[in-house]
Structures are given as structure tokens and as C-alpha cells.
Engineer: 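Once you've had a glance at the structure underneath, I'll fire off some questions.
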Amino acid sequence: MAKFIFVTGGVTSSLGKGILAASLAKLLQARGLKVTIQKFDPYINIDPGTMNPYEHGECYVTEDGAETDLDLGHYERFLNTPTSQANNVTTGKVYQEVIRKERKGDYLGKTVQVIPHITDEIKRRMLLLGENNKFDIILTEIGGTVGDIESLPFVEAIRQLRWQLDPKDYLVLHLTLVPYLSAAKELKTKPTQHSVKELQSYGVQPHILICRTEYPLGEERRKKIAEFCNVDHRSVIEALDADSIYDVPLNLKNEHLDDIVLDKLGYTNLPEPNMDDWMDFLEHHKHPKEEVHIGLVGKYVELKDAYISIYESFIHAASKNDCKVKIHRIQSEKLTDKNVEKHLHILDGIFVAPGFGNRGIEGKISAIRYAREKKVPFFGVCLGMQCATIEFARNVLGIQDATSREFNEHTENAVIDLMSEQQKVKNKGGTMRLGAYPCHLKKDTLAEKAYKAADITERHRHRYEFNNAYLEKFAAAGMMATGIHPDKNLVEIIELQDHPWFVGVQFHPEYKSTILRPHPLFVDFVAATLAYKNRMGK
Ligand code: GLN
């Protein structure tokens with residue numbers, strides 16, 4: 001039987017519940033336990049796939065093709081184990097299932113209500129990953145802040161599970177904020193007291209409080225929080241602001257969070273966590289020998305969460321290369337062929353981001369032209385690869401009006417075209433080419449050298465693809481398809497001959513990069529930028 005830890009948040013949003021859950025899970029995993037994390041989001045969308053990055057940040061894609069909350073990316077990066085469809089549940093999914101059952105007649109004769117029907121469905125999903133003995137511990141993060149109207153059914157489900165599960169299999173962690181008032185020069189515990197009271201008013205008593213704070217809490221304040229919130233004194237955990245999210249597991253370890261959790265769950269005699277690999281990563285991360293400058297050209301650069309997996313992949317790859325990657329966020333909308341040199345000349349590498357729609361496309365194409373002509377290392381992901389194809393068609397093959405069907409439905413030269421299986425698709429939600437697909441790599445290519453393998457799988461999220469009608473023309477002029485979907489013959493990777501490092505991929509490598517397994521293409525791209533920097537004598 002699996003044990004369940006629920007993580008709620010109070011006072012404000014953005015306290016880092018996802019990082020907290022991932023960090024605790026990491027410490028438990030490092031003691032030999034099989035751990036997974038799931039996220040319950042209170043919004044009514046079925047998934048975040050239809051949301052704008054400005055609304056929701058990045059949409060993270062799992063192996064089995066779920067479009068999910070970006071916290072699942074943190075879970076995978078920390079734990080190095082894949083998540084799945086079942087790891088992200090939304091209010092929309094819960095209602096969809098209950099309404100489906102109502103129509104089928106499963107509740108014939110009854111009034112269908114939030115309690116018990118919605119809460120029963122929430123509980124069923126909360127316990128789902130505990131079946132089949134795959135995991136020892138399942139952490140469940142509840143999105144939003146306690147007190148929000150829309151998360152009430154989730155909190156009620158947690159309350160009910162208290163009576164359904166063995167007390168040794170059930171734990172509630174509450175993350176709160178202890179703000180510092182600079183005028184009073186004091187940390188204030190009242191918001192924490194109120195947010196715990198709120199939770200208690202729903203019938204949920206947290207076992208452990210994690211207090212985010214800018215300054216050390218001090219013994220007196222810990223005692224006060226413990227007494228007012230009905231938790232034992234050692235279960236008030238201080239979570240000081242950290243320099244890096246990768247310090248958080250170690251900081252929580254210093255506070256003995258893992259010992260307290262295991263004690264409450266009835267575990268005895270587990271070995272101390274083995275964090276050797278993690279420490280090794282951190283050592284390289286914190287003591288880089290060199291620095292390279294990489295431009296991230298995209299249209300959501302103002303918002304860090306929009307490309308979170310990409311930023312994190314660069315951190316993993318930098319540590320592997322013993323260097324620091326300084327990312328320059330470049331708004332693609334402001335780039336033109338005329339000003340591109342001014343914006344990009346200081347860079348050692350150019351990365352062009354994924355995306356949808358034609359805003360900023362011409363700027364991306366200008367950046368790619370610059371990278372190709374000046375032989376600056378280039379890495380394009382999904383839309384970035386598609387733009388590299390368009391750039392090559394226009395400026396090398398001389399097809400002036402080359403574009404993607406996404407930007408011009410009636411074009412005569414769609415070098416990127418709608419995939420055949422997408423042609424009948426009408427609905428927008430969950431209908432792209434999603435999840436992991438195999439790819440065969442050609443011999444003696446940058447891709448094969450980076451992966452050190454001939455067959456790989458990577459995760460996708462797109463509707464358009466390289467138009468094979470142009471394949472021969474591209475190859476004859478020096479842009480090669482170096483990775484191909486073995487059955488459907490789809491072009492998944494393109495490379496330029498006669499360029500030190502120019503790679504475009506139709507998939508999203510950033511979803512698979514973890515601390516312990518930095519993604520080979522990011523690692524190799526960063527190595528190419530280091531080589532470029534040295535070659536240029538920078
Ligand atoms: N808009 C492009 C497509 O749907 C690229 C998608 C992406 O970059 N994820 O094919």
C-alpha cells in the first residue's frame with residue numbers, strides 16, 4: 001500500500017510548492033523509496049494545452065502525450081523519472097468524467113452533487129497512482145492557495161481521505177509565508193496562523209508547516225507558530241530564500257524535513273539520502289570555469305516561466321560543460337535583417353524557441369540567417385527548426401515566398417506543411433502530435449555524435465512538419481534531414497553541412513533534460529558555443 005503526502009499552500013501564490021514537493025520527493029527517493037508526484041489544478045480547462053504562455057507559463061509534455069502544468073517538469077528534472085497522464089488532474093477533467101458517467105446513467109435516480117460525486121472522483125484520482133504497488137510514496141500538490149473557492153473540493157477530498165487511509169499512510173504539509181515588515185523590522189507570523197486556521201475550518205489539520213521566509217525564524221517564533229497552529233515544534237520547518245532551486249533539497253535536509261516525514265509515516269532505519277550525483281551537479285553548477293553567451297530568440301522572453309524547461313536544460317548542460325551559460329533573452333519581434341548584427345554580435349550561440357502563430361516569425365528568420373551566414377552555433381526547437389527551414393528555402397534555394405502553412409493557408413510554397421493526420425482535425429484541445437515518438441539518426445551527423453546512438457525517442461507538440469516534396473532540393477544545397485521518424489518518414493532533425501553546429505529539431509528536447517541526465521543536444525550545443533568562443537578568441 002502506498003503512502004500519501006498532500007501539499008497545500010497558504011497566504012499567497014508563487015511560494016514554490018512545486019519546488020518544495022520536488023525537493024522532498026528527491027530526498028525520499030535518495031533514501032531508496034519509489035516516489036512520484038502529482039499535481040491537482042483547480043481550473044476548468046481539461047489541460048493547459050489551450051492556454052497562452054502569458055496565462056500559464058510553459059505547457060509541459062509527458063512521454064504519453066499529456067499537456068500538463070510546468071511543475072511536472074520540475075518533478076521530472078528533480079526525480080529523473082517520467083510522469084504521465086495520471087500525474088496532472090484538473091477540475092475540468094474531474095467534471096468531464098462525472099458528467100460522462102451521469103449521461104451514461106451511472107447515477108440513475110440520484111442528484112449529482114459536488115459532495116459526494118465530485119469529491120469521490122477527486123479521491124479516486126488521488127489514489128490512482130497508488131495502485132499496482134509501483135510507488136511507496138505519492139506526493140500530491142494542490143494548485144492555488146487555501147481559501148480559493150475553486151480549490152475547496154480538493155481540500156474536502158483531502159479531509160475525507162484522512163478517514164479512509166491509515167494514519168501512518170497520510171500526511172498533510174502546508175507551505176506558508178512569514179513576511180518581513182521592513183518598517184517594523186520584524187517577521188510576522190499572523191498570516192501563517194490565519195492560513196492554518198482557514199485549513200482547519202475545512203477540517204484539515206496540517207502535520208508539518210513549511211515557512212518561507214527571507215530571514216531566519218528563530219526559536220521563539222517557531223514555538224509561537226507551533227502553539228497557535230497545533231503542530232509539534234520540530235514540524236515547523238524554516239525555508240529560507242535560496243540562491244538556486246537546486247539548493248532547496250539540501251536546505252530542507254538541514255531542517256530534517258525528510259526525517260520528520262519518514263518518522264510520521266512510520267518508516268524506521270532507512271539509510272541517509274545518497275545525494276552524491278546531485279552534489280556533483282551542484283559543484284559544477286556553482287564553480288564554472290568559463291562563461292558563454294547564448295541568445296534565446298522568442299516572443300515570450302519577458303516571462304521566465306514561458307520557456308522554463310529550456311532555461312533549466314541550459315543549466316544542466318552548462319554544469320556538464322563546466323561553464324556558465326549566460327542567456328540573453330531576445331524579443332524576436334524587434335529583430336530585422338538590418339539590426340540583427342547589433343543585437344546578436346556578442347553571442348556565442350543562437351537558440352530559436354518553439355511557438356505558435358506568426359508574431360515574431362520574421363525576426364526569428366533574421367536571427368537564423370545571421371547564425372547560418374556568420375557560422376555561429378545555432379539550435380532551433382520545433383518552430384525554431386521550422387523557421388530554419390523557411391530561412392534556408394528563401395535565402396539559399398531562392399524560393400522567395402517560402403513559408404509554413406500555419407502562416408499562410410493558401411501559399412504555393414509551404415516548405416512546412418500541415419501533417420496529413422492533422423488535416424481532418426477540428427478540435428484544438430489535445431489534438432496535436434503529442435508525446436514520445438521514435439527517431440532514427442543518420443550516421444556521422446551531429447545528432448548521432450551527440451546522442452551516441454542510432455535510435456532515440458523524443459517528445460513532440462506540433463501540427464506542422466517539414467514538407468518532404470522539398471527534401472531533395474534542400475539536401476542538394478546542404479541542408480540535410482539527419483533524423484527521421486522510421487515508419488512515417490517525417491523529418492525530425494535537420495543539419496547544415498558546411499557549418500560548425502547548426503541543428504534544428506521538430507521535437508522538444510527540453511522536456512527530457514534532467515539534473516542526472518542533461519540532454520545530449522543541449523550539452524553538445526553548449527560545447528559548440530564554447531568552441532566558437534575560443535575560435536573567435538573572445
Ligand atoms: N506552431 C508549430 C506547429 O504547430 C510549432 C509548434 C511548437 O513550436 N511547439 O507545428
Side-chain angles (χ1 to χ4, degrees), residues 47-62 65-68 70 73 296-301 303 305-311 313 332-333 350-365 367-368 378-391 393 402-409 411 414-437 439 458-468 470 481 483 485 488 490-494 503-513 519 521:
D47 58 44
T50 52
M51 283 189 229
N52 185 312
Y54 289 125
E55 282 286 312
H56 189 268
E58 169 188 279
C59 175
Y60 185 79
V61 178
T62 60
E67 295 179 283
T68 71
L70 59 83
L296 192 160
V297 181
K299 65 175 171 179
Y300 299 115
V301 283
L303 184 78
D305 276 354
Y307 302 122
I308 183 90
S309 293
I310 292 166
Y311 295 118
S313 300
S332 48
E333 274 183 298
I350 294 169
F351 179 94
V352 176
F356 295 84
N358 60 5
R359 179 164 73 88
I361 290 301
E362 295 305 321
K364 286 184 172 174
I365 291 173
I368 294 165
F378 164 79
F379 192 15
V381 165
C382 207
L383 184 65
M385 171 268 198
Q386 298 178 352
C387 287
T389 306
I390 297 169
E391 190 280 323
T403 188
S404 162
R405 184 83 56 206
E406 184 178 4
F407 315 135
N408 179 355
E409 241 184 282
T411 178
V415 289
I416 301 294
D417 209 346
L418 194 60
M419 303 172 74
S420 54
E421 60 252 46
Q422 285 287 328
Q423 268 150 21
K424 286 185 277 328
V425 172
K426 291 258 170 354
N427 284 351
K428 292 284 182 238
T431 55
M432 281 187 254
R433 182 181 185 222
L434 289 167
Y437 286 89
C439 172
E458 287 286 0
R459 299 184 200 171
H460 292 252
R461 182 174 187 245
H462 61 113
R463 292 188 202 279
Y464 299 84
E465 58 164 330
F466 188 100
N467 181 345
N468 281 350
Y470 293 86
H485 182 286
K488 299 205 166 136
L490 301 177
V491 174
E492 313 283 36
I493 309 181
I494 52 160
V503 178
V505 293
Q506 184 57 78
F507 47 80
H508 289 262
E510 70 274 20
Y511 295 146
K512 279 180 79 167
S513 189
H519 194 283
L521 286 177

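Atom set for the values below is all heavy atoms of this structure, side chains included, hydrogens, waters and symmetry mates excluded. For ligands, and for the atoms within them, numbers begin at 1 and follow the listed sequence.
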Engineer: Is His508 near ligand 1, meaning one of its heavy atoms is under 4.0 Å from it?
Structural biologist: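 The answer is yes, since His508 has a heavy atom less than 4.0 Å from ligand 1.
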
Engineer: Using a strict 4.0 Å threshold on nitrogen-to-oxygen distance, state whether Arg433 and Glu465 make a salt bridge.
Structural biologist: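 Salt bridge flag = no for Glu465 with Arg433.
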
Engineer: How are the rings of Tyr311 and Tyr307 set relative to one another: parallel (under 30°), tilted (30 to 60°) or perpendicular (over 60°)?
Structural biologist: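 Tyr311 vs Tyr307 ring planes: perpendicular.
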
Engineer: Can you report which non-hydrogen protein atom sits closest to atom 9 (N) of ligand 1, along with the distance?
Structural biologist: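 Answer for atom 9 (N) of ligand 1: Arg461 O, 2.9 Å.
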
Engineer: Considering Pro354, Cys387, Gly355, which one's heavy-atom position lies nearest to atom 5 (C) of ligand 1?
Structural biologist: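 Nearest heavy atom to atom 5 (C) of ligand 1 lies in Gly355.
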
Engineer: Is it the case that ligand 1 has an N or O less than 3.5 angstrom from some N or O of Val381?
Structural biologist: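 No, no N or O pair falls under 3.5 Å.
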
Engineer: Looking only at protein heavy atoms, which one is nearest to atom 4 (O) of ligand 1, and how far off is it?
Structural biologist: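 Protein heavy atom at minimum distance: Arg463 N, 3.0 Å.
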
Engineer: What atoms of ligand 1 come closer than 4.0 angstrom to any heavy atom of His462?
Structural biologist: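 So the atoms of ligand 1 that pass are 3 (C), 4 (O), 6 (C), 10 (O).
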
Engineer: In terms of relative ring orientation, are Tyr54 and Tyr300 parallel, tilted or perpendicular, with 30° and 60° separating the classes?
Structural biologist: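 Because their plane-to-plane angle is over 60°, the rings of Tyr54 and Tyr300 count as perpendicular.
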
Engineer: Would you mind running through ligand 1 and noting each atom that sits below 4.0 Å from a heavy atom of Cys382?
Structural biologist: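 Those qualifying, in numeric order: 5 (C), 6 (C), 7 (C), 8 (O), 9 (N).
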
Engineer: Do Glu67 and Met51 have side chains that get closer than 4.5 Å, going by heavy atoms?
Structural biologist: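 SC-SC contact between Glu67 and Met51 ruled out.
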
Engineer: Is there at least one pair of N or O atoms, one from Gln506 and one from ligand 1, spaced under 3.5 Å apart?
Structural biologist: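 No.
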
Engineer: Which option, Phe356, Tyr464, Phe407, Phe507, owns the non-hydrogen atom nearest atom 10 (O) of ligand 1?
Structural biologist: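 Minimum heavy-atom distance to atom 10 (O) of ligand 1 goes to Tyr464.
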
Engineer: Go through ligand 1 atom by atom and flag the ones less than 4.0 Å from a non-hydrogen atom of Glu406.
Structural biologist: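 Here the atoms of ligand 1 in question are 1 (N), 2 (C), 3 (C).
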
Engineer: Tell me, with the steps shown, if Glu58 and Arg461 meet salt bridge (Lys or Arg N to Asp or Glu O under 4.0 Å).
Structural biologist: CA-CA 12 Å; Glu58 169 188 279; Arg461 182 174 187 245; over 6 Å; no

Engineer: Indicate whether the side chain of His462 and that of Glu406 have a donor and an acceptor atom separated by less than 3.5 Å.
Structural biologist: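 No, no side-chain donor-acceptor pair sits under 3.5 Å.
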
Engineer: Is it true that Ser332 and Arg359 share a donor-acceptor pair across their side chains at a distance under 3.5 Å?
Structural biologist: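 Distance-only check fails for Arg359 and Ser332.
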
